[in-house]
Amino acid sequence: QVQLVESGGGSVQVGGSLRLSCAASGYLYRRHYMGWFRQASGKEREGVAAIVDDGTTTYADSVKGRFTISQDNAKSTLYLQMNSLKPEDTAMYYCAATPGWRPDPDTSDIVASLFGYWGQGTQVTVSS
C-alpha cells in the first residue's frame, strides 16, 4: 500500500514559478513509475510529466521546457518544478505512482490507467 501526499500548490501570477512535492509512504520498490497529472475545471485529467526509477522522464508537449519532474528516492519524494506559468496551467495537480513496475521504454504517453495509486491533489492557480 502506498500513500501519496501532495504539497506546494498555491496562487501565482503569470510567469511565476511553483514547486510541487509528493511525499510517498509505504514501499515503492526499487522499480517504480511516478507521475503528475492535472485536471482543470470542466476538463479531463491529463498527464503532465512522468519519471521512471532510472530517471527517464516524459513530458506533455504543453509543458516541455517549462516543467521539470524529479525524484529523491532516498526521501521517497517526487517533485514538479513549474516555471513560466500560464493561466492555462491552472488546475488541480495530482501525484500518481505504480510501485514495482516500469512502462515500456517506447512509451511516450502519460496514461492515467498505468498508475495504481493517487494523491488527493493540490490546487495551482495562475492569474494574469
Side-chain angles (χ1 to χ4, degrees):
Q1 191 78 10
V2 175
Q3 292 79 43
L4 304 172
V5 179
E6 303 95 335
S7 62
S11 297
V12 65
Q13 291 190 327
V14 170
S17 298
L18 283 173
R19 188 194 196 201
L20 305 184
S21 298
C22 172
S25 60
Y27 190 49
L28 277 179
Y29 296 92
R30 185 180 64 83
R31 288 193 170 203
H32 57 259
Y33 184 46
M34 298 190 75
W36 289 97
F37 288 75
R38 66 186 181 187
Q39 187 166 18
S41 180
K43 295 187 177 181
E44 294 187 355
R45 187 172 297 190
E46 64 170 337
V48 173
I51 188 166
V52 184
D53 56 271
D54 65 1
T56 302
T57 58
T58 307
Y59 294 93
D61 288 342
S62 59
V63 306
K64 282 181 181 177
R66 299 189 299 122
F67 290 11
T68 302
I69 188 171
S70 61
Q71 59 187 352
D72 184 332
N73 289 329
K75 296 181 179 179
S76 295
T77 303
L78 182 72
Y79 303 100
L80 185 67
Q81 178 67 43
M82 305 186 295
N83 299 328
S84 302
L85 284 162
K86 305 175 181 180
E88 51 263 43
D89 295 318
T90 295
M92 184 72 78
Y93 282 72
Y94 299 89
C95 171
T98 298
W101 182 83
R102 288 178 179 174
D104 186 279
D106 295 332
T107 299
S108 59
D109 294 331
I110 305 167
V111 179
S113 60
L114 296 181
F115 294 88
Y117 296 91
W118 293 83
Q120 294 299 307
T122 185
Q123 178 68 37
V124 172
T125 302
V126 184
S127 57
S128 57

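Small disclaimer: the values here were computed from a predicted structure and weren't measured.
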I'd like to know if the side chain of [X] and the backbone of [Y] have a donor-acceptor N/O pair within less than 3.5 Å.
{"X": "Glu6", "Y": "Gly121", "value": "yes"}
{"X": "Gln81", "Y": "Thr68", "value": "no"}
{"X": "Thr90", "Y": "Val126", "value": "yes"}
{"X": "Asp53", "Y": "His32", "value": "yes"}
{"X": "Asp54", "Y": "Thr56", "value": "yes"}

Between Tyr33 and Arg102, does any side-chain donor sit less than 3.5 Å from a side-chain acceptor?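 No donor-acceptor contact under 3.5 Å links the two side chains.
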
Out of curiosity, [X] [atom1] to [Y] [atom2], how far, rounded to the nearest 0.5 Å?
{"X": "Leu20", "Y": "Phe67", "atom1": "CG", "atom2": "CZ", "answer": "8.0 Å"}
{"X": "Gln1", "Y": "Ser25", "atom1": "CD", "atom2": "OG", "answer": "9.0 Å"}
{"X": "Ser21", "Y": "Leu78", "atom1": "OG", "atom2": "CG", "answer": "8.5 Å"}
{"X": "Glu44", "Y": "Gln39", "atom1": "CD", "atom2": "CD", "answer": "8.5 Å"}
{"X": "Ile51", "Y": "Asn73", "atom1": "CD1", "atom2": "CG", "answer": "8.0 Å"}
{"X": "Cys95", "Y": "Phe115", "atom1": "SG", "atom2": "CZ", "answer": "9.0 Å"}

Under a 4.5 Å cut-off applied to non-hydrogen side-chain atoms, are [X] and [Y] in contact?
{"X": "Ile69", "Y": "Met34", "result": "no"}
{"X": "Val124", "Y": "Arg38", "result": "no"}
{"X": "Leu4", "Y": "Tyr94", "result": "no"}

Shortest non-hydrogen contact from [X] toward [Y]:
{"X": "Gly9", "Y": "Thr122", "value": "N-OG1, 3.1 Å"}
{"X": "Val2", "Y": "Pro99", "value": "CG2-CG, 4.0 Å"}
{"X": "Ser17", "Y": "Ser84", "value": "OG-N, 4.3 Å"}
{"X": "Ile110", "Y": "Ala60", "value": "CD1-N, 4.0 Å"}

Would you kindly confirm whether [X] and [Y] end up in one hydrophobic cluster when ILVMFWY residues are joined by side chain heavy atoms under 4.5 Å apart?
{"X": "Val12", "Y": "Trp36", "result": "yes"}
{"X": "Met92", "Y": "Val63", "result": "no"}
{"X": "Val52", "Y": "Leu80", "result": "no"}
{"X": "Met82", "Y": "Val14", "result": "yes"}
{"X": "Tyr79", "Y": "Leu85", "result": "no"}

So does Lys64 pair up with Asp61, basic N to acidic O under 4.0 Å?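 Yes.
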
Answer yes or no: does atom CD of Gln120 have more than 12 heavy-atom neighbours from other residues, nucleotides or ligands under 6.0 Å?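 It does not: Gln120 CD has 12 such atoms or fewer within range.
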
Would one find more than 12 heavy atoms of other residues, nucleotides or ligands at under 6.0 Å from atom CD of Glu88?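 Atom CD in Glu88 is crowded, with more than 12 foreign heavy atoms closer than 6.0 Å.
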
Would you say the ring centers of Trp118 and Phe37 fall short of 6.0 Å from each other?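 Aromatic pair counts; centres sit under 6.0 Å.
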
